[in-house]
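We name chains A, B, ... by the order of the sequence lines, and we start the count at 1 in each one.
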Number of protein chains: 4
Amino acid sequence: MNGEGAGRPESRRQRRIQRRKREILAAAARVFAEQGYANTTIREIAYQADLAEGTLYNYFGSKREILLGIVNDTDALMETVLLGGEGLEDREAFVQVVERGLDISEEQIPFLRTLFSEAWVDDEILQDFVDSQLERIYRRLTTYITDRIEAGVFRDVDPALAAQLILGMFGSLILPALRGVASLPAPRGRRALAEQLVDLLLKGIQAPEN
Amino acid sequence: MNGEGAGRPESRRQRRIQRRKREILAAAARVFAEQGYANTTIREIAYQADLAEGTLYNYFGSKREILLGIVNDTDALMETVLLGGEGLEDREAFVQVVERGLDISEEQIPFLRTLFSEAWVDDEILQDFVDSQLERIYRRLTTYITDRIEAGVFRDVDPALAAQLILGMFGSLILPALRGVASLPAPRGRRALAEQLVDLLLKGIQAPEN
Amino acid sequence: MNGEGAGRPESRRQRRIQRRKREILAAAARVFAEQGYANTTIREIAYQADLAEGTLYNYFGSKREILLGIVNDTDALMETVLLGGEGLEDREAFVQVVERGLDISEEQIPFLRTLFSEAWVDDEILQDFVDSQLERIYRRLTTYITDRIEAGVFRDVDPALAAQLILGMFGSLILPALRGVASLPAPRGRRALAEQLVDLLLKGIQAPEN
Amino acid sequence: MNGEGAGRPESRRQRRIQRRKREILAAAARVFAEQGYANTTIREIAYQADLAEGTLYNYFGSKREILLGIVNDTDALMETVLLGGEGLEDREAFVQVVERGLDISEEQIPFLRTLFSEAWVDDEILQDFVDSQLERIYRRLTTYITDRIEAGVFRDVDPALAAQLILGMFGSLILPALRGVASLPAPRGRRALAEQLVDLLLKGIQAPEN
DNA sequence: AATGAATGAGATTTCATTCAT
DNA sequence: CATGAATGAAATCTCATTCAT
């Protein structure tokens, strides 16, 4: 019974709702990224999502909840940056993680752009995201560096500071794309970019004989 | 006679106006930095500057003009980052410029915080500031690196990319202070911080025997 | 079936919007006529139209747009003054046009009152209305007089000046009603009024033997 | 004693104050005429009168008092329209009064323009001026016409209506100048204009044989 | 669920008036 | 008397949110 398809109908309904939510978040992220959260009206989001204004409120309780939805989505994605690279030789592991970071960043530009601009002034977002997600990446990197120093592979630098500087280097790569003034290189170029970053990081800028 | 105390009265009036403008900008920068431009009301700025709302409009034509006033002020200050360091040995020059950058950044935290949060979504600010001031710093650094490579002091890296990565490293140092989650080290610590950055930059993270 | 009651729903919506717009314009014209445009607040118009302030902005983009809406409406009505009277004997034609002018003016008193008071200082209104609508009436009258002179029915007067003076005479009739200090005579009296105006116009005030 | 010039010093002071008041009224009338009362700022009036804003308040207690000052001044002038013409032959008397009306109107255009635009919506002005000054002119004209009818010089028309229509004719002559879309003819042309008005008024527009 | 008209609190901005200098 | 900076009430307009259909 229950006509075609069956399955728990509840689940189908849930899936439809989730899909609709994602569509709304994607539309909202696009507009937020372009105009900023405060300058964006619900009407504009509704228009971009091809829905009536009131309909949005069936999926999100407020404009702010849409923003937090974006933050969460981005959160989830950041997780994946850290996956992979395990068991590889150091240099290659580094390069792959950087490259993957570039890939993900590009896909998520509107989300990241929204995220960063609002994180400056919104304490809840700042804590939910920056002080949880970035902190995790930062800690993981610190631990890794500490290990490598102990293994004698890295020089005896301050691991926390080194982690911070490395994240800064990575940030400088995606910043222009985030700001919308330049786009990231094509996938092939990204590999080269990652290699150059890692090269500089490992060997420094000074000529060896110095 | 006619020592200080006389002078053209026009000039005294002008000075009073300029002083009042600076007071307003300082108050506004504080509030913008905390709450963001869009969330800040004229009423709040006026309250912080200890003036009536209408009085602000005797000095700035609109809320936005106040924001642009902050951008301009910051502009002027950024100039000074690049001064000094000429003629010093490379390592020391680098260290001093980084240190000075930290000093100036600290003084200007509310202004910088305002600036960066709004530059994301405000094209005029983005172009007036980021694409003029930062670009200058970036170009100067690129030129410097190119020289050093030609002189055989630096390895043969991509100078533009290296400059970008270095700016990213510097950015990572002031970011926590800008975000308000940590403050910069005391002046003595800043010297050490600058040295560590320069050390990592010059020699890399890899152990020498590698 | 599908008699009245169906129709494209778009069209029904459009009609509802148009009706609402007219309601707002009527309320606004009443208030403008009493207090003048500048002295009238949006709040007052909204109150008179029995709507919230914000609702007005769903129909008109600004207070000024409401004013222009009134001007346009009046424009459209003025057209009809000139209709009719064709083919009648001169005296009767004149009388009928004057009478119709009185009728229309009475219906439109709040609109006309608004219009005239603002036309003094608002160039756009002055040109959109006075210099297009009144000009048309004026030209038509001039042409008519010229014809009549050539036909030997009217004396050899300056047709343009005569037209101007006639419009002034008509204006003096509706002015008291427009100012709100007196109302126009009842319809029957209007015919008599029109006849007296035309009589004076045709034969002058001087006794014949003079 | 009392130094040079003597005279009651009070009186000299009074004269200076009166002169200053007139200067302010003239400046205000110019600006009001151009932009309307509500759109004009005290700052603009002060600028045109070459005074500081606060200084105006030494002469007039409020912006509105300046407006009423203009109304009064105009009032005083209107008086003079009616002077003269006594004892002249009818036609010439009419012509001279009309001509003088044109002369005075031209001199006073900014004042009249201000007056008429505000009289629409300001009951105090409407009553103080229109319903006192115009009423006087209107009554005088009515009386005159009644006399003339009794003397058999004028036809048996409704004197009140005739007076109204005549004022309307005169109004139509100065209206374009008042509106700022045309200027009055040069003095010589004014005589001709007045003669044409009077001619039409006395003999009508119809050809005699009709 | 979907719609979009209605709502009204709240923001920016203007400007007549005051008052210390 | 003259000045013009300071004041703050009041006006216009925006827009997140609600709710009847």
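- When both distances must be under 3.5 Å, the Watson-Crick or G-U wobble mate of E:dA11 is F:dT12.
- Considering only side-chain N and O atoms, C:Thr55 lies under 4.0 angstrom from the phosphate OP1 or OP2 of E:dT7.
- Comparing F:dT12, F:dT17, E:dA1 against the side chain of C:Ile42 picks out F:dT12 as the nearest.
- The phosphate of F:dT12 has neither OP1 nor OP2 within less than 4.0 Å of any side-chain N or O from C:Arg64.
- Here the C1' atom of nucleotide E:dT13 and the CD1 atom of B:Ile66 are 12 Å apart, to the nearest Å.
- The distance between atom CD1 of B:Ile45 and atom C1' of F:dT7, rounded to the nearest whole Å, is 17 Å.
- Distance, B:Phe60 CZ to F:dA6 P: 12 Å, rounded to whole Å.
- Following rounding to the nearest Å, A:Asp50 (CG) and E:dA2 (P) show an atom-to-atom distance of 12 Å.
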Check: Do D:Glu124 and D:Arg64 pass the salt bridge (Lys or Arg N to Asp or Glu O under 4.0 Å) test, and can you show the C-alpha distance, the side-chain angles, and the key distance before you say yes or no?
Finding: CA-CA 11 Å; D:Glu124 188 179 352; D:Arg64 174 148 232 276; 2.6 Å; yes

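- We find that CZ of A:Phe32 is positioned 12 Å from C1' of F:dA16, with the value rounded to whole Å.
- Pairing partner, E:dA20: F:dT3, with both Watson-Crick or wobble hydrogen-bond distances short of 3.5 Å.
- Residue D:Tyr59 has a polar side-chain atom (N or O) positioned under 4.0 Å from OP1 or OP2 of F:dA2.
- With a 3.5 Å ceiling on both atom-pair distances, E:dA1 lacks any Watson-Crick or G-U wobble partner.
- With E:dA16, F:dT17, E:dA5 as the candidates, the nucleotide lying closest to the side chain of D:Thr41 is E:dA16.
- One atom, CG of D:Asn39, and another, P of F:dA11, lie 15 Å apart when rounded to the nearest Å.
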Notebook entry, point to check: Under the side chain to side chain contact (heavy atoms under 4.5 Å, CB included) criterion, do C:Lys21 and C:Phe60 qualify, and how do the steps go?
Noted result: CA-CA 8 Å; C:Lys21 279 188 160 198; C:Phe60 296 93; 4.0 Å; yes

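- In this structure, C:Lys63 atom NZ and F:dA10 atom C1' are separated by 12 Å, rounded to whole Å.
- Closest to the A:Leu51 side chain, of the nucleotides F:dG8, E:dT3, E:dA5, is E:dT3.
- The side chain to side chain contact (heavy atoms under 4.5 Å, CB included) test with A:Leu115 is passed by exactly one of A:Ile125, A:Leu67, A:Ile70: A:Ile125.
- Residue whose closest nucleotide on DNA chain F sits further toward the 5' end, between C:Gly54 and B:Asn58: B:Asn58.
- The closest donor-acceptor contact from the side chain of B:Glu65 to the backbone of B:Gly61 lies under 3.5 Å.
- Atom CG in B:Leu56 sits roughly 15 Å away from atom P in F:dA5 (whole-Å rounding).
- Contact check, D:Arg20 against F:dA2: a side-chain N or O comes under 4.0 Å of OP1 or OP2.
- For B:Tyr57 and F:dA6, the shortest distance from a side-chain N or O to OP1 or OP2 is not below 4.0 Å.
- Between the side chains of C:Ser117 and C:Arg113, no donor-acceptor pair is found at a separation under 3.5 Å.
- Closest-nucleotide positions on DNA chain F for C:Arg43 and A:Tyr37 were compared, and the one nearer the 5' end corresponds to C:Arg43.
- Seen from the ring of B:Tyr37, B:Lys63 counts as a face-on cation partner, given the 6.0 Å and 45° thresholds.
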